[in-house]
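Have a look at the structure below, then the notes.
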Amino acid sequence: MSSPISRKWEHAVVTGGAGFVGSHLCKALLDAGAAVTCVDDLSTGRPENIAPLLDRPGFTLVQANVAEELPVNRRPDLVLHFASPASPADYLRLPLHTMDTGSAGTRNALTLAHESEARFVLASTSEVYGDPQQNPQDERYWGNVNPVGPRSVYDEAKRFGEALTTAHAETYGTDTCIVRLFNTYGPGMRGHDGRAVPTFVRQALAGEPLTVTGDGRQTRSLCYVDDTVSGILAAAAHGLRGPVNIGNPSEISMLALARLVVALAGSSSEVRYIERPVDDPAVRCPDITLARDKLGWEPRVGAEEGLRRTIDWFRAEAARG
Ligand code: NAD
């Protein structure tokens with residue numbers, strides 16, 4: 001496999017740049033020599049994620065709600081639209097904000113890209129596939145989404161964002177790309193954001209029972225954040241319009257994940273089964289043939305290695321208090 005293609009950017013705008021994935025993107029772009037403007041309302045982001053970037057030359061933080069405004073002074077050549085609550089706990093707490101960010105926020109980010117003649121990348125999600133009836137999911141699968149279920153505020157906002165992005169490209173010729181990210185984990189997540197990896201790691205390190213939903217047989221495919229970031233930047237560098245799946249095709253059940261986290265953390269925690277959320281997908285696994293063929297990208301960090309790094313980070317955070 002060749003290495004993923006890259007491109008030199010002058011100035012990237014990252015909406016949602018103070019979030020988990022966004023902050024890793026900001027850092028990677030700064031490391032590659034780009035100036036970066038992070039636009040974030042800190043609704044679900046961690047200010048600590050970007051604290052180490054604030055003093056770096058070329059980094060600017062603009063605190064704004066992208067659904068209302070996108071105040072950027074300098075013309076970008078890349079707009080990465082990553083603003084959106086992403087964990088179920090967050091989007092269930094912020095349903096209308098989530099829909100505004102996916103609709104008006106995406107529209108504002110597209111307008112900025114179009115007016116600046118910049119490349120635009122939409123952070124979409126495997127959630128557009130809903131509770132899939134096909135496994136693994138390739139980009140031609142249209143999904144199985146409940147439009148009025150509790151998760152719909154996120155799933156449908158992202159599906160609308162994809163339609164809007166496509167319409168913008170068709171109408172104005174905006175240079176767009178849609179990346180469908182599958183579950184990503186790593187340093188920078190909030191221990192209480194409700195997603196499986198940070199929840200299990202926090203519980204294992206505290207010696208608390210790991211709360212597995214349902215019978216734990218439902219599967220996810222987990223991609224380490226460094227791999228997700230290199231896939232996103234490869235898609236940005238390529239002229240590809242997508243949608244393109246970015247994820248790790250090795251599937252793991254939630255029960256197996258809980259046991260692996262306990263073992264890697266050297267914890268004595270037990271598993272406690274709790275109720276499974278409504279419309280929780282039974283399986284989730286990307287077909288990444290397109291990303292492999294077009295972008296020369298595939299994930300490199302295996303689950304054990306990625307979880308070890310994540311556990312180390314959570315342990316260091318807990319020690320810092
Ligand atoms: P996150 O909650 O850590 O980050 C989202 C960021 O967006 C936060 O910093 C938040 O404050 C900001 N934000 C939310 N609404 C905003 C608004 N209206 N204006 C300005 N800023 C706003 O989530 P994440 O896991 O880093 O996800 C980032 C993006 O990637 C999201 O668009 C998400 O849908 C997508 N995604 C993530 C995953 C994953 O596994 N992490 C999977 C699929 C898709």
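Just so you know, these numbers come straight off a predicted model, no measurement behind them. Remember, it's 1-based here, ligands and their atoms both numbered in the order they're listed.
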Do any nitrogen or oxygen atoms of L181 come within less than 3.5 Å of a nitrogen or oxygen of ligand 1? no
After noting the C-alpha distance and the side-chain angles of R56 and D31, does the key distance pass the salt bridge (charged side-chain N to carboxylate O under 4.0 Å, His left out) rule? CA-CA 10 Å; R56 288 188 58 169; D31 290 349; 2.9 Å; yes
Please write down residue, atom name and distance for the protein heavy atom closest to atom 38 (C) of ligand 1. R195 NH1, 4.3 Å
Starting from V39, can I reach L94 by hopping between I/L/V/M/F/W/Y residues whose side chains sit under 4.5 Å apart? no
Ion pair present between D280 and R220, side-chain N to carboxylate O less than 4.0 angstrom? yes
For H81 and ligand 1, does the shortest N/O to N/O distance drop below 3.5 Å? no
With nothing but distance in play, are any N or O atoms of N183 less than 3.5 Å from an N or O of ligand 1? no
Ligand 1 to R190 polar contact by distance, N or O atoms, under 3.5 Å: no
For atom 3 (O) of ligand 1, what's the nearest protein heavy-atom neighbour? Residue, atom name and distance, please. F20 N, 2.9 Å
Modelled atom types, side-chain donor and acceptor of S269 and S267, under 3.5 Å: yes
Examine T125 against ligand 1 and note whether any of their N/O atoms are separated by less than 3.5 Å. no
Thinking salt bridges, do R241 and E170 make one under a 4.0 Å N-O criterion? yes
Run the contact test for R46 against ligand 1 with a 4.0 Å cut-off on heavy atoms, strictly below, and give the result. no
Quick note on ligand 1: atoms under 4.0 Å from a heavy atom of G45 include exactly 8 (C), 9 (O), 10 (C), 11 (O)
Would you mind checking which non-hydrogen protein atom is closest to atom 26 (O) of ligand 1, with the distance to 0.1 Å? V21 N, 2.8 Å
Quick check on S124 - does any of its heavy atoms sit under 4.0 Å from an atom of ligand 1? yes
Polar contact flag for S126 and ligand 1 (N/O pairs, less than 3.5 Å): no
Within less than 4.0 angstrom of ligand 1, does S43 place any heavy atom? yes
Examine ligand 1 and decide if any of its atoms is less than 4.0 Å from a heavy atom belonging to A64. yes
For atom 28 (C) of ligand 1, the closest protein heavy atom turns out to be F82 O, 3.5 Å
Is D41 in polar range of ligand 1, meaning some N or O pair under 3.5 Å apart? yes
Identity and distance of the protein heavy atom lying nearest atom 15 (N) of ligand 1: H97 NE2, 2.9 Å
Protein heavy-atom partner closest to atom 27 (O) of ligand 1 - residue, atom, separation in Å: A86 CB, 3.5 Å
Using the salt bridge (charged side-chain N to carboxylate O under 4.0 Å, His left out) rule, take E317 and R46 through it: C-alpha gap first, then chi angles, then the decisive distance, then the call. CA-CA 13 Å; E317 281 292 292; R46 292 172 80 244; 3.0 Å; yes
Does Y154 come within less than 4.0 angstrom of ligand 1, counting non-hydrogen atoms of the residue? yes
If we only count N/O pairs under 3.5 Å, is G19 in contact with ligand 1? yes
Is Y141 reachable from F182 through a run of I, L, V, M, F, W or Y residues, each pair having side-chain heavy atoms under 4.5 Å apart? yes
